[in-house]
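Just follow the structure's listing: the first ligand is 1, and inside any ligand the first atom is 1.
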Amino acid sequence: VNVHYRIEPNLTADELADVFKRSGIRRPFDDLPRLAQMIEKADLLITARDGDRPDRPLIGVARSLTDFCFACYLSDLAVDVQYQKQGIGRELVRQTREAIGDGTMLLLIAAPEAVDYYGKIGFEKMDRAWWINRKR
Ligand SMILES: CC(C)(COP(=O)(O)OP(=O)(O)OC[C@H]1O[C@@H](n2cnc3c(N)ncnc32)[C@H](O)[C@@H]1OP(=O)(O)O)[C@@H](O)C(=O)NCCC(=O)NCCS
């Protein structure tokens, strides 16, 4: 496939909902206002599309919150199931790292299905991470 990556701050909530659904990731895809805010308040949205035009289907996304100088939280990494295991997730993470620079740490929470994934693409496992989970 002819995958095109770009920084796209202005996705629609529908598009994001769609790629989340097609990836199998658990995200609030029925709550479009919440998805719209997730897009609007994100600091870095990198997309993968099948083809080089903006109207080509979205097949992957990496959504991060970051200051671009110290810390970055990669909140959502999702690739359409039909396009998984072709290096798209790895490339979305590579482009995220390129955008934030090497003075910025990159932090994430692995989904249960992806616990062994991040070690393969350069992440180190931490046992000092703590969180207060969202309630909904
Ligand atoms: C997890 C996910 C983002 C990976 O994207 P992808 O494009 O399929 O992954 P890549 O092709 O970049 O995979 C890179 C390597 O990791 C391996 N890999 C892929 N998914 C994996 C998984 N879930 N667990 C362990 N290894 C995995 C690949 O086989 C590949 O190995 P190789 O280098 O030896 O060939 C994608 O499968 C996905 O969207 N899953 C559903 C949603 C999800 O769980 N998201 C993460 C939670 S935030």
Side-chain angles (χ1 to χ4, degrees):
V1 287
N2 181 20
V3 186
H4 283 256
Y5 299 90
R6 60 169 78 81
I7 295 179
E8 277 193 82
N10 299 316
L11 284 182
T12 67
D14 281 323
E15 271 189 305
L16 187 62
D18 231 54
V19 73
F20 280 170
K21 281 181 206 162
R22 283 184 275 111
S23 75
I25 201 173
R26 281 182 304 275
R27 287 298 179 275
F29 39 66
D30 294 326
D31 189 346
L32 291 179
R34 200 173 184 192
L35 289 179
Q37 185 163 343
M38 286 166 71
I39 293 164
E40 192 192 321
K41 304 280 190 185
D43 299 299
L44 183 59
L45 271 168
I46 301 184
T47 59
R49 290 182 186 273
D50 187 353
D52 63 358
R53 288 176 24 197
D55 61 344
R56 298 298 299 156
L58 199 56
I59 57 176
V61 70
R63 191 185 74 92
S64 297
L65 308 178
T66 183
D67 49 31
F68 295 96
C69 69
F70 193 73
C72 179
Y73 171 55
L74 175 50
S75 175
D76 316 300
L77 177 70
V79 175
D80 184 326
V81 282
Q82 300 200 323
Y83 293 85
Q84 287 179 9
K85 314 256 153 125
Q86 300 178 37
I88 296 171
R90 186 196 294 274
E91 179 61 15
L92 286 167
V93 169
R94 194 194 68 73
Q95 297 215 7
T96 298
R97 292 177 65 180
E98 194 173 282
I100 63 179
D102 64 8
T104 306
M105 74 144 176
L106 183 53
L107 186 70
L108 62 81
I109 301 159
E113 316 79 59
V115 279
D116 297 322
Y117 175 64
Y118 295 98
K120 293 182 187 168
I121 62 163
F123 285 79
E124 234 177 284
K125 195 166 180 180
M126 278 188 78
D127 59 7
R128 289 178 291 122
W130 294 83
W131 73 336
I132 297 170
N133 200 2
R134 64 181 77 79
K135 298 215 182 333
R136 56 196 172 80

Who's the nearest protein heavy-atom neighbour of [atom], and how far?
| atom | result |
| --- | --- |
| atom 47 (C) of ligand 1 | Ala111 CB, 3.4 Å |
| atom 41 (C) of ligand 1 | Ser23 O, 3.2 Å |
| atom 31 (O) of ligand 1 | Lys120 CD, 4.2 Å |
| atom 48 (S) of ligand 1 | Arg27 NH2, 3.7 Å |
| atom 35 (O) of ligand 1 | Arg90 NH2, 4.8 Å |
| atom 42 (C) of ligand 1 | Ile25 CB, 3.6 Å |
| atom 45 (N) of ligand 1 | Leu77 O, 3.0 Å |
| atom 40 (N) of ligand 1 | Gln84 NE2, 3.4 Å |

Inset, instruction - Decide yes or no for Val79 and Ser23: does some side-chain heavy atom of the first lie under 4.5 Å from some side-chain heavy atom of the second? - result: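 They are not in contact (no side-chain heavy atoms under 4.5 Å apart), so the answer is no.
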
Inset, instruction - Would you mind reporting whether Thr104 and Phe68 have side-chain heavy atoms less than 4.5 Å apart? - result: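 With C-beta onward as the side chain, the pair stays apart.
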
Inset, instruction - Record the part of Glu113 in heavy-atom contact with ligand 1 below 4.0 Å; permitted values are side chain, backbone, both and neither. - result: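 The answer is both, backbone and side chain.
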
Legend entry - Structural part of Gln86 in contact with ligand 1, heavy atom criterion under 4.0 angstrom: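 For Gln86, the contact with ligand 1 is made by the backbone alone.
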
Is [X] linked to [Y] within one hydrophobic cluster, defined over Ile, Leu, Val, Met, Phe, Trp and Tyr using a side-chain heavy-atom separation of less than 4.5 Å?
| X | Y | result |
| --- | --- | --- |
| Tyr83 | Ile25 | no |
| Leu35 | Leu45 | yes |
| Leu77 | Val19 | no |
| Ile121 | Leu106 | yes |
| Tyr118 | Leu44 | yes |

Any [X] heavy atom less than 4.0 Å to ligand 1:
| X | value |
| --- | --- |
| Val79 | yes |
| Gly87 | yes |
| Phe20 | no |

Inset, instruction - Look only at interatomic distance and state if Gly89 has a nitrogen or oxygen under 3.5 Å from any nitrogen or oxygen of ligand 1. - result: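 Looking only at distances, the answer is yes, because the N/O contact criterion of under 3.5 Å is met.
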
Inset, instruction - Please confirm whether Tyr117 comes within less than 3.5 Å of ligand 1 when only nitrogen or oxygen atoms on both sides are compared. - result: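 There is such a contact, yes.
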
Legend entry - Residue from Thr12, Asp18, Leu16 passing side-chain contact (heavy atoms from CB on, under 4.5 Å) with Asp14: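 Of Thr12, Asp18, Leu16, side-chain contact (heavy atoms from CB on, under 4.5 Å) with Asp14 is met by Thr12 alone.
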
Inset, instruction - Check Asp31, Leu32, Asp30 against Pro28 for a side-chain contact (heavy atoms from CB on, under 4.5 Å) and give me the one that passes. - result: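 Considering Asp31, Leu32, Asp30, a side-chain contact (heavy atoms from CB on, under 4.5 Å) with Pro28 is found only for Asp31.
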
Inset, instruction - Pull out every atom of ligand 1 sitting under 4.0 Å from any heavy atom of Tyr118, numbered as shown with elements. - result: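 The list of qualifying atoms is 46 (C), 47 (C), 48 (S).
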
Legend entry - Atoms of ligand 1, numbered as shown, that sit under 4.0 Å from any heavy atom of Ala78: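 Selected atoms, number and element: 39 (O).
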
Legend entry - CZ (Arg94) with more than 12 external heavy atoms under 6.0 Å: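 Counting other residues, nucleotides and ligands, CZ of Arg94 exceeds 12 neighbours.
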
Inset, instruction - Measure from atom 28 (C) of ligand 1 to every heavy atom in Lys85, Arg63, Arg94, Arg22 and give the option owning the shortest one. - result: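 The residue whose heavy atom sits nearest atom 28 (C) of ligand 1 is Lys85.
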
Legend entry - Taking every non-hydrogen atom, the tightest pair across Ala17 and Phe29: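 For Ala17 versus Phe29, the nearest heavy atoms are CB-O, 3.8 Å.
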
